[in-house]
Amino acid sequence: MLDVQTLRNDIHNVASKLRERRGFTLDVNAFVSLESARKTVQSDTEHLQAQRNAISKEIGHAKKNGDDQKASDLMAQVSEFAGRLKSNEDTLSELQSKMRDLLSGIPNMPNDSVPIGKSEEDNVEVRKVGVPRSYDFEPQDHVDIGEKLGMLDFERATKITGSRFSIMMGEMACLHRAIAQYMLDTHTRRHGYTEIYTPYLVNADSLFGTGQLPKFEEDLFAIPLTDEQKFYLIPTAEVPVTNIYRGEILNGDDLPTKFVCHTPCFRSEAGSYGRDTRGMIRQHQFDKVELVQFSHPDHSYDQLEALTGHAESILVDLDIPFRTVTLCTGDMGFSSTKTYDIEVWLPGQNAYREISSCSNFEAFQARRMQTRFRVGQGKTEFVHTLNGSGLAVGRTLIAVLENYQRQDGSVEIPQVLKGYMGGVEVIEPH
RNA sequence: GGAAGCGUGGCAGAGCGGUUGAAUGCACCGGUCUUGAAAACCGGCAAGGGCGUGAGUCCUUCGUGAGUUCGAAUCUCACCGCUUCCGCCA
């Protein structure tokens, strides 16, 4: 959520920036008329409330003094405007909720350092690490590798549930687990994150806090509880982890606070019917190790660089080539002010594919969640929130399979994962 | 799932229709004292919002929402959460 104050003071500037950078049309007239109505109604309402409070106090005095005549006179005075007060209060809360709806649908404002563009074509590469190795055979993709090993099964997963699910078996399931373990250990031991375990089902308030609701409900899996209430399967650990401090005021001396969390993620993938239908690239369920930080506003961009580096270090350790790009304004997520995507090299696709997305949200989520901090006796201020995948586990598995494949169909285990594989150095077909 | 009880400021804990935004204690901040610290004493200490250049002023908030009332932390209803006992269970 953007700061209402900024919109009040500078609506035209905000609108033109949003149009230019987001292609988002802010309804200036709607805002201005809503705001001016709010102003009038709020001022009237509060005036009447003050009047009522003052008279009520007097009634209290009168009753205490046994002056019943005066008390009933005063009550009559209140009843003269009681109806007007009530209808004013109703109108005000209606206007306020309209304003909230309007505000919560406005995307975040990209940072000035973000390249302006329309689509992923306009993203800017900031670095490329490692060189794709050359193979003296035709490299296969992870589907062929996995199925030939007899350890990857899409058909049975489809039978059990439906499309876009998969089953891993034996050493591949173990490798998947090893990757997640390795990531958790690295981020906790080397990068100073606190490991955290959270619910996989969350309520609507949490999803509002991080910005998935109200606009992106169709991307989520929902579980109805009652007519009123439902839970949602988390689309990313970002949601439960970022919301742990919803409605809280943190001690500024504790910032930055850094969490790492390994969870399954569930996405309905509505609107991507034709895309990545082969293999494990785009599933309804996948594991991810997520990095989340709560930062002082002065340091959040430094923290974004650091966090992105933490994610990248996993691929450096695995010795798998990748490149990092700055997403252009048109390709960024709704809540973000700046995002780096890390794209891993996949020989089977002969392409770099997204494996991590690292973003700064500044105060956008904090404002929705009411997460603030205070230094000493100072004023409260919204924290900045950041997060990034460190990394997507399933896609990392794909990258290992494809980058470490051999001509005979076996797959070598990367050096740093060997300790997690119980002595297995190479995955061989059965 | 059944029964009972409870949700108040950073924490503990009063208040149970009227100058209560809320006693008291702890914590925290400032001061006096002290070589320094501790103790003691004095003072301060919720958040959000409106209007105002400002001093300031007004409104809202005692789990959430609705209601009763001139007035609600206090009464009513619903929901959420927590605790204890019984049942069930990884």
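Lettering of chains follows the sequences in order, A, B, ..., and the numbering in each one begins at 1.
- Using the six-membered ring where Trp is involved, A:Tyr420 and A:Tyr182 have ring planes that are perpendicular, over 60° apart on the 30 and 60° scheme.
- Distance check on atom P: B:C51 versus B:G65 gives 23 Å, rounded to whole Å.
- Rounded to the nearest Å, the gap between the C1' atom of B:C62 and that of B:G10 is 16 Å.
- Per the geometry, NE2 belonging to A:His47 stands 17 Å off P belonging to B:U57, to the nearest Å.
- The closest side-chain heavy-atom distance from A:Met151 to A:Leu175 is not below 4.5 Å.
- Between B:A47 and A:Thr380, no contact under 4.0 Å exists linking OP1 or OP2 to a side-chain N or O.
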Applying the Watson-Crick and G-U criteria (both distances under 3.5 angstrom) with [ ] for crossing and | for other-strand pairs, one obtains for RNA chain B ((((((((.[[[..)..(.....]]].(((((.......))))).((((((....)))))).[[[[[..)....]]]]])))))))....
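- Contact check on A:Arg190 versus A:Asp317 returns a salt bridge, with a Lys/Arg side-chain nitrogen under 4.0 Å from an Asp/Glu carboxylate oxygen.
- A side-chain N or O of A:Asp73 and one of A:Gln69 form a donor-acceptor pair less than 3.5 Å apart.
- The P atoms of B:A22 and B:U57 are separated by 14 Å, rounded to the nearest whole Å.
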Report all interatomic pairs (protein N or O, nucleotide N or O of nucleotides 60-71 of chain B) with separations under 3.5 Å.
residue : atom : partner : partner atom : Å
B:U60   : OP1  : A:Arg52 : NH2          : 3.1
B:U60   : OP2  : A:Asn53 : ND2          : 3.4
B:C70   : O2'  : A:Ser56 : OG           : 3.1
B:G71   : O4'  : A:Ser56 : OG           : 3.1

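- Between A:Tyr193 and A:His191, the ring planes lie perpendicular to each other; the angle is over 60°, past the 30° to 60° tilted range.
- Ring-plane geometry between A:Phe165 and A:His284 is classed as tilted, the angle between the planes lying from 30 to 60 degrees on a 0 to 90 degree scale.
- When the nearest nucleotides of RNA chain B are assigned to A:Ile249 and A:Thr45 by heavy-atom distance, the more 5′-ward of the two goes with A:Ile249.
- Across the P atoms, B:C41 and B:U83 are found 39 Å apart, a figure rounded to whole Å.
- Atom CZ of A:Arg84 has 12 or fewer heavy atoms from other residues, nucleotides or ligands within 6.0 Å.
- The same atom, P, is picked in B:C82 and in B:C89; the two are 22 Å apart, to the nearest Å.
- Under the 3.5 Å distance criterion, the side-chain polar atoms of A:Asp287 are left unmatched by any main-chain donor or acceptor of A:Val393.
- Closest approach of A:Ser272 and A:Arg164 over heavy atoms only: O-NH2, 2.7 Å.
- In A:Lys418, the NZ atom is crowded: over 12 heavy atoms of neighbouring residues, nucleotides or ligands sit closer than 6.0 Å.
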Kindly give the atom pairs (protein nitrogen or oxygen, nucleotide nitrogen or oxygen) under 3.5 Å for nucleotides 49-53 of chain B.
residue : atom : partner : partner atom : Å
B:G49   : N2   : A:Glu46 : OE1          : 3.4
B:G50   : OP1  : A:Arg8  : NH1          : 2.1
B:G50   : OP1  : A:Arg8  : NH2          : 3.4
B:G50   : O4'  : A:Gln42 : NE2          : 2.9
B:G50   : O3'  : A:Arg38 : NH2          : 3.2

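- The separation of B:C28 from B:A12, taken at their C1' atoms, amounts to 15 Å, rounded to a whole angstrom.
- Nucleotides B:G81 and B:C29 have their P atoms positioned 38 Å apart, rounded to a whole Å.
- Protein atom CG of A:Asn251 is 14 Å distant from nucleotide atom C1' of B:C29, rounded to whole Å.
- Side-chain contact of A:Ser56 with A:Asn53: a donor-acceptor pair under 3.5 Å is absent, judged by distance alone.
- Spacing between B:G9 and B:G44 at atom C1', rounded to whole Å, works out to 16 Å.
- One interatomic measurement links the two molecules: OH of A:Tyr245 to P of B:G10, which rounds to 16 Å at whole-angstrom precision.
- In this structure, A:Arg374 does not reach the B:A46 phosphate: none of its side-chain N or O atoms is under 4.0 Å from OP1 or OP2.
- Once rounded to the nearest 0.5 Å, the distance linking CG of A:Leu103 with CZ of A:Arg368 reads 9.5 Å.
- Within 4.0 Å (heavy atoms only), A:His61 reaches at least one base atom of the nucleic acid.
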